[in-house]
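On a predicted model such as this, the values are computed, not experimentally measured, just so you know.
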Amino acid sequence: MLKPLFKDSSGFSFLFLFFFTVLISSCFTKKEKAEKTNFGQNITTKFNILYNANKLLDEAEETRINSTKPNFQHALPVFIEPNEASIASNTKLMDSIIQKSITIINDKSESKYINNAYFLMAKANYEKGNYYNAAEFFSYVINTITVTNQKLLEPALAWKARSLMQIGYLDQASKVLDSAFIAAGNNKHPSAITYASQARYYLEVNKKDGAIQMLDLAINTSSNKKEKLRWHYILGQLLYDTGDYLMANKHFDKVVKSNASYEMAFNAELNQVFMQKDYGDSSLVGTVSRLKRMLKDDKNKGFTDQIYYIIGESYLNHNQEDEAIKNYKLSLREPSNNNFQRASTYLKMADIYFDKATYDTSKHYYDSTATLIDASFPQYTIIQAKIANLDDLVKHLNIITEQDQLQYLAKLPEKERLETIDSIFERKEKVAISLKKEKENNKQKEVTNPEYATNFSNKQSTDKRFYFNNPNAISNGLTEFKRRWGNRSLEDNWRIRNKQASLAAGNNTKIPLANSEDKANQPDSAAIVTKEDFVKAVPLTEIALRESNNKIIASYLKLAEIYRDNLKDKEATAKIYTSLLERFPSIEEKDFVLYNLYRLYTELGDQRKNMYKNQLLTTSPESIYSKIINDPNYLSKLGEESQTLNNIYIDAYNMYADKDYEQVIAIADSLNIVFGKDNHLDIAAQMAYLKALAIGRTSSLQSFEQELKKIQSDYADNKLISPLLTQHLSYIDSNRVSLQDRKIAIMDIEDGREQFVDEPVLTKWPELTFNRAETPPPPRRSLAGNLSNQQNIQVTPFNSTVNLQGKVKIASYKQGQQINSFRDLELLPDSAIYYFVINVDNAKVNLSPSRYGIGQFNRGQYLDKNLTHQLKKVDDELQLIYIGKFFSYEDAKIYLDRITPQLKTIMKIPAENYQPFIITEKYLEEITDFDKVSDYLIKYKEQL
């Protein structure tokens with residue numbers, strides 16, 4: 001009887017496995033003759049390099065996920081992606097993994113794991129935050145996978161889609177995900193990462209129903225327990241948002257009853273309790289009772305701020321505002337490091353007091369919110385915009401409240417009116433006395449009980465939340481104060497720079513708000529200080545009532561403008577316009593308001609748009625707004641002809657940005673017919689050039705080249721466009737071999753192809769609502785150092801052609817012209833970093849086309865100087881376009897002299913609305929408000 005050669009506890013010997021591996025390998029080698037591999041390299045690559053590298057990568061990913069503190073009160077991300085901390089800590093490790101991949105590619109070239117090496121390199125780049133590189137390496141894997149080796153295809157496609165989403169390429173990511181699902185067709189079903197990546201895409205484009213479906217499939221497919229629990233929690237959040245409370249509760253329940261982290265389980269249970277109002281027990285008593293039981297549980301000690309907040313939310317949902325505020329305050333008193341929760345509570349309180357017209361208190365809560373939120377906070381941009389515009393909002397809300405109070409008083413019988421005014425001032429006096437007594441009591445405590453002051457001081461000094469014990473808060477506050485007010489002395493009426501002017505304007509009085517208790521904390525909030533002035537402010541005559549109504553209407557319109565243009569809140573804007581029409585159905589601005597409501601509801605996809613459209617067309621068929629609705633191109637036919645051409649160019653520019661190239665070409669072709677070929681050559685050349693770019697985006701290289709040569713012939717003397725045409729044609733000649741096979745001359749930049757010299761990334765300016773004026777509204781103040789000296793262009797009616805020859809004089813550039821030997825070397829030194837600045841006296845006007853013209857000038861005249869042009873807003877009144885850098889006064893002055901004659905063509909706004917000048921970097925950083933711009937222009941003008 002033969003004895004076995006090898007014995008092993010498992011019944012298999014290592015040698016047997018070795019020979020079996022050799023046999024299988026040889027079979028595959030025979031089957032795939034085209035795929036020659038080296039057995040030895042396969043073994044060392046798989047079990048040495050790849051194994052260790054993948055283990056390191058998995059450990060780094062696990063560390064990143066475990067070290068990331070999720071915010072369970074906010075929508076959780078589908079994937080916990082690399083962040084600044086993880087990227088910094090893993091960079092060296094990922095470089096090591098990339099080096100291992102390169103070793104496989106270079107030294108193990110006969111291994112069958114080359115694609116695995118590229119896949120590993122791609123994931124290491126992803127972990128480093130190099131998402132573009134990662135996408136390229138995933139693409140290489142996808143493009144080199146053979147028919148018989150499809151294992152990496154689906155994950156490579158899913159990871160590529162994730163990489164593209166990380167850099168914002170959503171459209172491309174969607175197409176890659178489609179390919180991933182097609183690739184998964186060869187398997188039994190797609191993998192969890194494919195489903196989850198599709199879910200993330202749906203969330204990016206706000207398709208929650210699709211995300212819910214994909215996450216459900218991902219959970220059923222995944223074998224990672226931690227990942228599945230997070231996805232259950234996300235599904236609970238999404239289902240709650242879509243109103244499916246029963247299913248949301250089921251997913252939260254899975255988290256609560258699992259071995260999830262305590263914080264995740266706690267938040268899931270908290271969500272379940274809060275949802276009781278929407279399913280099952282909807283009573284307030286039941287919800288609050290369960291939440292209070294959670295407060296008593298010692299395990300929830302670190303989460304009491306969240307529980308109090310949810311109690312407050314529950315009361316607020318049942319319209320018990322006072323109880324809600326009480327619990328929000330309890331939430332804020334709880335010690336907590338959860339800044340998201342504190343910010344949410346501050347914001348909720350701010351909104352409540354704002355809606356109650358208690359603006360001073362509201363502002364304090366908004367300020368507290370601002371110190372805690374960052375860009376990841378929900379609606380961060382809107383909140384910051386509201387805080388930034390709060391003073392203006394409060395100002396106009398106060399005007400409406402004041403005038404409503406005055407009109408109410410005007411309707412009362414004289415005796416009752418005087419009694420009411422007496423009660424207002426008595427209440428105000430009582431509040432002032434109460435505040436005074438409180439201050440005196442605090443001072444008395446400090447005198448009679450020194451320990452009171454000492455204990456108070458010690459308590460505050462240990463608490464960094466106390467403003468004046470927080471150096472960072474003091475520094476930020478001082479900086480913000482100086483930015484807004486400048487260096488003001490600590491004195492009475494410190495806000496007012498010109499005290500005499502203030503006294504002279506004292507008769508323009510205003511009454512206090514209805515909530516006088518809140519306003520009593522503001523020493524300069526109410527300009528009316530005597531009963532006599534108050535009585536005089538009541539509108540008892542028809543003329544006074546009309547003036548009062550006009551103030552209300554103007555404030556409504558201004559509020560709507562702030563919400564529309566600054567806060568981008570369409571719903572709130574529509575609500576303000578609707579309230580205005582309900583109160584004043586026959587106002588002069590009715591057509592303007594109706595048109596805005598039509599536009600707002602169109603953008604919101606609300607069918608009420610038809611109601612306002614029909615009302616406008618019926619009541620005012622000849623209104624400019626009715627004509628705009630009937631003919632979207634109507635505005636291009638209005639105004640001065642020179643500015644009209646600029647308006648048309650702006651429309652074409654926006655269409656080019658929207659990739660509506662055929663319409664750009666059509667507009668350009670129509671201009672010669674309307675205005676005549678020999679008129680407005682500068683703007684015509686710009687339009688022709690934009691048309692050429694549109695042709696390049698839709699036609700062959702030959703068509704594009706022919707159009708460039710035609711423009712070069714037609715506008716040979718044009719100093720703005722000609723240099724660009726020369727650069728393009730030279731580029732084509734030098735690269736004709738690589739460009740000639742293109743079906744489209746100018747392809748999208750993200751395709752990774754060679755790029756023409758002048759292919760700007762064009763972004764469409766947010767569409768502005770039309771004002772009643774045909775030209776941009778003037779600034780609130782006039783600049784003292786206005787430098788505009790360009791002659792006004794005489795115009796003729798629109799249906800006639802215009803010949804401007806001899807009417808606009810342009811000085812030719814001469815180096816060293818107009819040298820001022822008395823130049824202030826402190827203001828304008830010989831050597832310094834300089835910028836050329838264009839000050840625009842309008843904070844709302846669209847400057848994108850003008851900046852594009854500046855870019856054309858820079859590329860044509862200063863191609864090798866790497867000049868940049870940027871935008872800076874000042875006090876919501878001015879916009880500064882600044883171009884640089886220049887490193888001497890002479891260089892900046894030469895640029896000023898060269899570009900100034902071109903500004904009438906470059907700038908797409910009237911000449912009276914902008915002023916060019918040069919400035920050093922030092923002074924540019926210091927002009928942070930309107931007054932500083934004005935002061936600088938006065939000094940600068942003296943140097944000319």
Side-chain angles (χ1 to χ4, degrees), residues 75 170 202-212 238-245 278 316-317 319 351 354-355 378-383 385-386 389 393 396-397 400 552-553 555-621 623-635 651 654-655 657-658 660 764-772 844 846:
L170 296 181
Y202 280 139
L203 289 176
E204 292 281 358
V205 296
N206 200 31
K207 292 183 178 179
K208 291 184 179 179
D209 291 337
I212 290 169
L238 292 173
L239 288 162
Y240 175 80
D241 290 342
T242 56
D244 193 345
Y245 306 116
D278 301 305
L316 195 64
N317 285 335
N319 298 317
D351 289 339
F354 187 86
D355 292 339
Q379 295 186 310
Y380 170 79
T381 305
I382 294 175
I383 294 169
K386 189 169 187 177
N389 290 276
L393 287 172
H396 294 289
L397 287 167
I400 293 171
I552 294 173
I553 293 168
S555 288
Y556 267 115
L557 292 172
K558 190 61 182 178
L559 282 172
E561 180 185 328
I562 293 170
Y563 274 102
R564 183 194 65 210
D565 296 339
N566 299 354
L567 306 186
K568 312 297 181 187
D569 191 336
K570 297 182 178 67
E571 290 88 351
T573 308
K575 185 177 179 181
I576 292 169
Y577 279 136
T578 303
S579 299
L580 175 59
L581 283 182
E582 287 174 353
R583 289 194 61 176
F584 305 99
S586 302
I587 56 172
E588 183 181 349
E589 296 84 359
K590 183 177 181 179
D591 294 345
F592 170 79
V593 174
L594 288 172
Y595 176 76
N596 272 276
L597 284 168
Y598 160 71
R599 289 293 302 274
L600 288 164
Y601 283 124
T602 299
E603 292 169 5
L604 290 168
D606 192 312
Q607 290 306 309
R608 279 177 284 185
K609 66 178 182 180
N610 294 323
M611 177 180 73
Y612 291 109
K613 173 184 175 181
N614 294 334
Q615 187 177 349
L616 177 59
L617 295 178
T618 302
T619 58
S620 303
S623 162
I624 183 175
Y625 303 104
S626 295
K627 292 178 180 178
I628 291 170
I629 291 176
N630 290 325
D631 180 8
N633 295 321
Y634 179 75
L635 278 186
D651 289 340
N654 287 332
M655 289 173 184
D658 286 340
D660 191 357
K764 186 177 181 181
W765 191 270
E767 193 153 12
L768 301 176
T769 305
F770 301 108
N771 293 314
R772 293 181 62 82
K844 301 291 191 300
N846 176 3

Colleague: Using only atom types and a distance under 3.5 Å, with no angle test, would you say the side chain of T602 pairs donor to acceptor with the backbone of K609?
Modeller: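 Pair absent, no side-chain N/O of T602 close to backbone of K609.
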Colleague: With T381, which residues qualify under side chain to side chain contact (heavy atoms under 4.5 Å, CB included), at least two apart?
Modeller: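 For T381 there are no side chain to side chain contact (heavy atoms under 4.5 Å, CB included) partners, ignoring immediate neighbours.
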Colleague: Which pair of non-hydrogen atoms, one from Q615 and one from T619, has the smallest distance, and what is that distance?
Modeller: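 Distance-wise, the nearest heavy atoms are O-OG1, 2.7 Å.
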Colleague: Going by heavy atoms in the side chains, are K568 and I382 under 4.5 Å from each other?
Modeller: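 Contact flag for K568/I382 side chains = no.
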Colleague: Are K575 and Y563 in a cation-pi contact, defined as NZ or CZ under 6.0 Å from the six-membered ring centre and within 45° of the axis?
Modeller: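 Here K575 fails the 6.0 Å and 45° test against Y563.
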Colleague: Return the set of residues passing salt bridge (Lys or Arg N to Asp or Glu O under 4.0 Å) with D660 (not counting sequence neighbours), or none when no residue passes.
Modeller: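 Here no residue qualifies.
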Colleague: What's the shortest heavy-atom distance between Y556 and I576, and which atoms?
Modeller: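 Closest pair (atom of Y556, atom of I576, distance): O-CG2, 3.4 Å.
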Colleague: Measure the acute angle between the ring planes of Y577 and F592, then classify it against the limits of 30° and 60° as parallel, tilted or perpendicular.
Modeller: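 Ring orientation, 0 to 90° scale: perpendicular.
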Colleague: Please report the closest heavy-atom contact between T573 and A560, naming both atoms and the distance.
Modeller: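 Residues T573 and A560, closest heavy atoms: CG2-O, 3.5 Å.
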Colleague: Look up atom CG in L393 and atom CD1 in I562, then write down how far apart they are to the nearest 0.5 Å.
Modeller: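 Here the interatomic distance stands at 4.5 Å.
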Colleague: What's the separation between atom CG in L557 and atom CD1 in I587, rounded to the nearest 0.5 Å?
Modeller: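 Taking CG in L557 and CD1 in I587, the distance rounds to 6.0 Å.
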Colleague: Are the side chains of D569 and E571 in contact, using a 4.5 Å heavy-atom criterion?
Modeller: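 Yes. Closest side-chain heavy atoms under 4.5 Å.
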Colleague: Using the side chain to side chain contact (heavy atoms under 4.5 Å, CB included) rule, take I552 and F584 through it: C-alpha gap first, then chi angles, then the decisive distance, then the call.
Modeller: CA-CA 10 Å; I552 294 173; F584 305 99; 3.8 Å; yes
Colleague: Y601 vs M611, test: side chain to side chain contact (heavy atoms under 4.5 Å, CB included). Steps then yes/no.
Modeller: CA-CA 10 Å; Y601 283 124; M611 177 180 73; over 6 Å; no
Colleague: For S626 versus P621, what's the shortest heavy-atom pair and its separation?
Modeller: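 Closest approach of S626 to P621: CB-O, 3.6 Å.
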Colleague: Nearest 0.5 Å, please: how far is CD1 in I553 from CD1 in I400?
Modeller: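 Reported value, rounded in 0.5 Å steps: 10.5 Å.
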Colleague: Quick check: closest heavy atoms across P378 and I383, and the distance to 0.1 Å?
Modeller: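 Here P378 and I383 meet closest at O-CD1, 3.5 Å.
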Colleague: In the structure I gave you, are the side-chain heavy atoms of Y612 and T578 within less than 4.5 Å of one another anywhere?
Modeller: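 A side-chain contact under 4.5 Å exists here.
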Colleague: Assess whether side chain to side chain contact (heavy atoms under 4.5 Å, CB included) is satisfied between D244 and I212, documenting all intermediate values.
Modeller: CA-CA 11 Å; D244 193 345; I212 290 169; over 6 Å; no
Colleague: Would you call E561 and K558 a salt bridge, using N to O less than 4.0 angstrom?
Modeller: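 Here E561 pairs with K558 in a salt bridge, since their nearest N and O are under 4.0 Å apart.
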Colleague: Take L594 and Y625 through the test side chain to side chain contact (heavy atoms under 4.5 Å, CB included) and record every step on the way to the result.
Modeller: CA-CA 9 Å; L594 288 172; Y625 303 104; over 6 Å; no
Colleague: With rounding to the nearest 0.5 Å, note down the distance linking CG in L203 to CG in L238.
Modeller: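 Going from the CG atom of L203 to the CG atom of L238 covers 5.5 Å.
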Colleague: Which distance, rounded to the nearest 0.5 Å, do you find between the CG of N389 and the CG of L567?
Modeller: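 Rounded to the nearest 0.5 Å, the CG-CG separation comes out at 5.5 Å.
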Colleague: Drop me the distance from N630's CG to L617's CG, to the nearest 0.5 angstrom.
Modeller: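 Separation between the atoms: 5.5 Å.
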